[in-house]
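None of these values were measured; they are calculated from a predicted model. Values below: all heavy atoms of this structure, side chains included; hydrogens, waters and symmetry mates excluded.
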Amino acid sequence: MTHTLPARRAVRGFTLVELLIVVTIAGVLASVALPSFADALRRGRRAEAVAALMQLQLAQERWRADHLDYGADLRSLGLPATTPTGLYTLAITEADAEGYVATATVAAGQSGDRSCQVLKLTQAGGRVVYSSIDAAKVESTSGTSRCWNL
């Protein structure tokens, strides 16, 4: 009785050229997808600043109902100085009996948002204006500001 060994199957792997092609395709896809992902992430984080300014606006109206003017500082309104994740710093830059100006300025984690460095809410004489300031200190109002259009 003779024992025969089973025939060896040829083991075929990937060639170096095939691997290089796959790595190149993956790199191209990543270079296209990464900027879109980063932009979506910035817009999502910007929504936090918009929500914080809307909360500040409501707090100002509650304050105004009980006082002769709008609140001049966040502490009197019972609000924090930053958004919950700390990506934006909130401030009231002007306040009197006629209106106020509130801002949300990017902090360290959101500093890459060059086109929307500051979100600004201005309430004056019963009219609210939403604007933004970019890294070059150019201000745009709600009609042209994409920062408020999430």
Side-chain angles (χ1 to χ4, degrees), residues 11-150:
V11 178
R12 186 169 190 285
F14 294 105
T15 66
L16 182 59
V17 172
E18 291 170 331
L19 287 175
L20 286 175
I21 290 171
V22 168
V23 168
T24 302
I25 290 171
V28 168
L29 290 175
S31 68
V32 169
L34 192 59
S36 296
F37 174 73
D39 189 46
L41 190 60
R42 278 191 293 274
R43 279 195 324 269
R45 290 175 173 171
R46 199 180 304 142
E48 181 178 302
V50 170
L53 286 172
M54 294 295 113
Q55 183 180 7
L56 189 148
Q57 185 179 17
L58 291 172
Q60 284 284 31
E61 294 306 323
R62 283 192 301 270
W63 177 270
R64 179 75 165 103
D66 295 332
H67 300 84
L68 296 175
D69 57 0
Y70 288 99
D73 65 279
L74 295 167
R75 185 174 298 184
S76 65
L77 299 173
L79 297 174
T82 63
T83 57
T85 59
L87 295 172
Y88 286 87
T89 303
L90 303 173
I92 299 171
T93 57
E94 300 173 30
D96 58 24
E98 295 297 315
Y100 60 92
V101 176
T103 60
T105 306
V106 296
Q110 185 72 349
S111 60
D113 194 359
R114 310 279 302 150
S115 60
C116 301
Q117 291 284 301
V118 178
L119 295 175
K120 186 175 173 183
L121 186 149
T122 304
Q123 199 285 345
R127 181 171 178 253
V128 179
V129 176
Y130 304 102
S131 60
S132 62
I133 301 171
D134 65 15
K137 306 294 184 219
V138 175
E139 185 169 351
S140 60
T141 60
S142 58
T144 58
S145 175
R146 65 182 184 88
C147 299
W148 287 86
N149 300 325
L150 304 173

Report task. Taking the side chain as every heavy atom from C-beta outward, state whether V118 and K137 have any atom pair closer than 4.5 Å. Result -> no
Requested in this report: Kindly give the heavy-atom pair with the smallest separation between G86 and A107, and that separation in Å.
Outcome: O-CB, 3.4 Å
Query raised in the report: How long is the gap from CD on Q123 to OH on Y130, to the nearest 0.5 Å?
Result: 9.5 Å
Report summary line: Minimal heavy-atom distance between C116 and V106, with the atoms involved, is O-CG1, 3.6 Å
Query - Reported CG-to-OG1 distance for the pair L19 and T24, which is rounded to 0.5 angstrom - result: 10.5 Å
Query raised in the report: Less than 4.5 Å apart, any side-chain heavy atom of E139 and any of K120?
Result: yes
Requested in this report: Check T83 against A49 and note the closest heavy-atom contact, atom names and distance.
Outcome: CG2-CA, 4.2 Å
Query - side-chain contact (heavy atoms from CB on, under 4.5 Å) evaluation trace for L79 with L90 - result: CA-CA 9 Å; L79 297 174; L90 303 173; 5.8 Å; no
Query raised in the report: Are D113 and R46 ion-paired here, with the side-chain N under 4.0 Å from a carboxylate O?
Result: yes
Query raised in the report: Is there a donor-acceptor pair under 3.5 Å between the side chain of R127 and the backbone N or O of T122?
Result: no
**Report entry** Note, L56 side chain near Y100 side chain (heavy atom, < 4.5 Å)
**Finding:** yes
**Report entry** Nearest non-hydrogen partners of L53 and A104, listed with the distance
**Finding:** CD1-CB, 3.9 Å
Requested in this report: Could you tell me the separation between the CG atom of L29 and the CD1 atom of I25, rounded to the nearest 0.5 Å?
Outcome: 7.5 Å
Query raised in the report: Is the shortest distance from a Lys or Arg side-chain nitrogen in D39 or R43 to a carboxylate oxygen in the other one below 4.0 Å?
Result: yes
Requested in this report: Report the distance from atom CG of L20 to atom OG1 of T15, rounding to the nearest 0.5 Å.
Outcome: 8.5 Å
Query raised in the report: Where the side chain of Q117 meets the backbone of T105, is there a donor-acceptor pair that is under 3.5 Å apart?
Result: no
Query raised in the report: What are the two closest non-hydrogen atoms of A81 and L74, and how far apart are they?
Result: CA-CD1, 3.8 Å
Query raised in the report: Does any N or O in the side chain of R64 come within less than 3.5 Å of the main-chain N or O of L68, such that one atom is a donor and the other an acceptor?
Result: yes
Query raised in the report: Do the side chain of Q60 and the main chain of G71 share a donor and acceptor less than 3.5 angstrom apart?
Result: yes
Query raised in the report: Any side-chain donor paired with an acceptor under 3.5 Å for E48 and Y88?
Result: no
Query raised in the report: What's the shortest heavy-atom distance between L77 and A59, and which atoms?
Result: CD2-O, 3.7 Å
